[in-house]
Trainee: 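The structure that follows is given in the form of structure tokens.
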There are 2 protein chains.
Amino acid sequence: MTTRRPTRRPTRQQQAVAAMLEQTGAFASAQSVHARLREAGETVGLATVYRTLQALADAGEVDVLRTDDGEAVYRACEPGHHHHLVCRSCGRTVEVEGPAVETWTDRVAAEHGFTEVTHTLEIFGTCTSCTGTHSR
Amino acid sequence: MTTRRPTRRPTRQQQAVAAMLEQTGAFASAQSVHARLREAGETVGLATVYRTLQALADAGEVDVLRTDDGEAVYRACEPGHHHHLVCRSCGRTVEVEGPAVETWTDRVAAEHGFTEVTHTLEIFGTCTSCTGTHSR
DNA sequence: TACGATTTGACAATGATTCTCACTCTGAGA
DNA sequence: TCTCAGAGTGAGAATCATTGTCAAATCGTA
Ligand SMILES: [Zn+2]
Ligand SMILES: [Zn+2]
Ligand SMILES: [Zn+2]
Ligand SMILES: [Zn+2]
């Protein structure tokens with residue numbers, strides 16, 4: 001019994017959004033992705049950018065976090081659970097892993113009887129190329 | 001030379017906001033604080049609630065974090081750097097400290113040449129009183 | 001009590017995100 | 001290749017937390 005599942009392929013718009021994230025490297029908001037696409041001549045509606053980014057996030061293909069002012073920013077990341085070391089000046093991001101932290105959070109939560117534990121952890125700083133050079 | 005500095009005392013509104021946070025215990029948004037105050041018969045403008053919460057946060061007297069949908073939530077906490085174990089069902093919050101995590105984040109950042117390092121870390125889960133009792 | 005400075009709050013403005021819905025595109029089937 | 005139902009798109013409206021505005025209320029000091 002062949003399950004009839006339409007062979008969906010990413011649309012032009014979806015590819016454009018994903019590609020833009022890939023080449024950006026840093027965390028970017030939906031608004032800025034939309035702006036960059038427009039600059040690059042790509043025609044993608046704002047609503048579609050939002051939808052695509054959400055879909056990618058749900059699929060675990062991009063990481064999401066919130067800026068200080070609550071804006072959602074997305075980044076194409078390596079698969080698997082990890083955290084980020086982000087330059088608050090230029091946005092350059094390094095993916096980091098910390099097995100010790102993972103076990104620590106789970107242990108702390110367990111000690112207090114919490115279940116279904118998740119966590120968020122981000123590190124912010126000023127990267128080497130932004131140090132000294134008061135770029136801004 | 002007596003420095004003429006007015007003896008500022010927290011206004012009725014500011015006290016009301018702070019008190020509401022104290023008695024709540026959990027993280028609460030500006031909107032919900034405003035609503036609770038209104039219910040309690042206190043008369044405090046929404047703008048004032050926002051201003052007061054920001055001031056308290058700037059003064060380090062309350063902690064702020066962002067919910068998944070980007071809303072800012074505040075909580076009256078013990079002074080000093082710490083993190084939170086939050087029940088995503090009832091909002092009950094436990095303050096936790098992890099010296100090992102502190103040194104880890106700083107070390108990781110240093111290894112990559114980042115300076116002026118800060119970090120955010122929150123743990124989410126389901127607390128004991130919300131486990132089993134499928135209370136929504 | 002009078003006065004300048006601070007605070008307040010109703011309301012407007014902002015801005016990110018979501019919703020609507022008519023239109024377009026796609027792919028399976030004929 | 002032709003058709004059609006369903007998925008995807010996008011312009012614009014709607015939502016909603018947050019911030020800005022500014023005249024009126026309040027406070028502290030002299
Ligand atoms: Zn990542
Ligand atoms: Zn982790
Ligand atoms: Zn706290
Ligand atoms: Zn810490």
Side-chain angles (χ1 to χ4, degrees), chain A residues 1-21 27-59 61-75 91, chain B residues 1-21 27-59 61-75 91:
Chain A
M1 55 188 87
T2 55
T3 41
R4 72 189 62 253
R5 192 193 313 169
T7 9
R8 287 291 160 208
R9 179 190 324 193
T11 68
R12 168 182 65 78
Q13 292 89 334
Q14 289 164 356
Q15 291 180 46
V17 170
M20 180 57 72
L21 266 195
F27 278 93
S29 70
Q31 297 283 349
S32 77
V33 167
H34 179 249
R36 288 170 202 269
L37 284 175
R38 171 168 296 182
E39 287 176 24
E42 294 283 350
T43 304
V44 182
L46 181 57
T48 299
V49 173
Y50 272 100
R51 278 188 292 244
T52 303
L53 288 175
Q54 285 177 333
L56 288 172
D58 289 345
E61 297 189 33
V62 304
D63 282 352
V64 195
L65 58 85
R66 296 268 172 184
T67 65
D68 278 338
D69 56 319
E71 215 180 357
V73 286
Y74 306 80
R75 177 175 188 273
Chain B
M1 55 186 87
T2 55
T3 41
R4 71 192 61 253
R5 193 193 311 168
T7 6
R8 287 291 159 206
R9 179 189 328 190
T11 68
R12 168 182 64 78
Q13 293 87 335
Q14 289 163 356
Q15 290 179 47
V17 170
M20 181 57 73
L21 265 196
F27 278 93
S29 70
Q31 296 284 350
S32 78
V33 167
H34 179 249
R36 288 170 202 269
L37 284 174
R38 171 169 295 182
E39 286 176 25
E42 295 281 351
T43 304
V44 183
L46 180 57
T48 300
V49 172
Y50 272 100
R51 277 187 294 243
T52 303
L53 288 175
Q54 285 177 332
L56 288 172
D58 289 344
E61 297 189 32
V62 304
D63 282 352
V64 195
L65 58 83
R66 296 269 172 183
T67 64
D68 278 338
D69 54 320
E71 215 181 359
V73 286
Y74 306 80
R75 178 174 186 274

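No hydrogens, no waters, no symmetry mates; every other heavy atom, side chains included, goes into these values. Model, not experiment: these values are computed from the prediction. Reminder, nothing fancy here: chain letters follow the sequence lines and each chain counts from 1.
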Trainee: Under 4.0 Å, heavy atoms only, any strand: does B:S29 hit a base, just the sugar-phosphate, or nothing?
Mentor: nothing
Trainee: Identify which nucleotide among D:dG8, C:dT7, C:dT18 has an atom closest to any side-chain atom of A:Q54, counting heavy atoms from C-beta outward.
Mentor: C:dT18
Trainee: So which heavy atom on B:Y74 is nearest to which on B:L21, and how close?
Mentor: O-CD2, 3.7 Å
Trainee: Of the nucleotides C:dG9, C:dT18, D:dT19, which one has an atom closest to the side chain of A:Y50?
Mentor: C:dT18
Trainee: Ignoring the backbone of B:Q14, work out which of C:dT7, C:dT17, D:dT18 is nearest its side chain.
Mentor: C:dT7
Trainee: Roughly, in whole Å, what's the span from CG in B:L37 to P in C:dG9?
Mentor: 11 Å
Trainee: Between C:dG9, D:dT9, C:dT17, spot the one nearest the side chain of B:A47, thanks.
Mentor: C:dG9
Trainee: Below 4.5 Å, heavy atoms only, C-beta onward: do B:E42 and B:R12 meet side chain to side chain?
Mentor: yes
Trainee: Specify the separation, in whole Å, of atom NE2 of B:H34 and atom P of D:dA17.
Mentor: 12 Å
Trainee: Which atoms form the tightest heavy-atom contact between B:V62 and B:L53, and what is the distance?
Mentor: CG2-O, 4.2 Å
Trainee: For a quick test of reading the model, state the closest non-hydrogen atom pair linking A:V33 to A:M20 and the distance between them.
Mentor: CG1-CG, 4.2 Å
Trainee: Does the side chain of A:T48 come within less than 4.5 Å of A:R51's, by heavy atoms?
Mentor: yes
Trainee: Measure CZ/A:R38 against C1'/D:dG10 and give the value in whole Å, please.
Mentor: 11 Å
Trainee: Distance check: side-chain N/O of B:T11 vs OP1/OP2 of C:dT8, anything under 4.0 Å?
Mentor: yes
Trainee: Does the D:dG10 base have a donor-acceptor partner in the side chain of A:R51 within less than 3.5 Å?
Mentor: yes
Trainee: Round to a whole Å and report the spacing from CD of B:Q15 to P of C:dT7.
Mentor: 14 Å
Trainee: Out of C:dG27, D:dT18, C:dA16, which has the shortest distance to the side chain of A:E71?
Mentor: C:dA16
Trainee: Classify the nucleic acid contact of B:Q31 as base, sugar-phosphate or nothing, counting any heavy atom under 4.0 Å across all strands shown.
Mentor: base
Trainee: Whole angstroms only, please: what is the CZ-P distance between B:R9 and C:dT6?
Mentor: 17 Å
Trainee: To the nearest angstrom, how far is B:L53 atom CG from D:dT18 atom C1'?
Mentor: 12 Å
Trainee: Given atom CD of B:Q13 and atom C1' of D:dA25, what is their separation to the nearest angstrom?
Mentor: 10 Å
Trainee: Please report, rounded to the nearest Å, how far the P atom of C:dG15 is from the CZ atom of A:R66.
Mentor: 18 Å
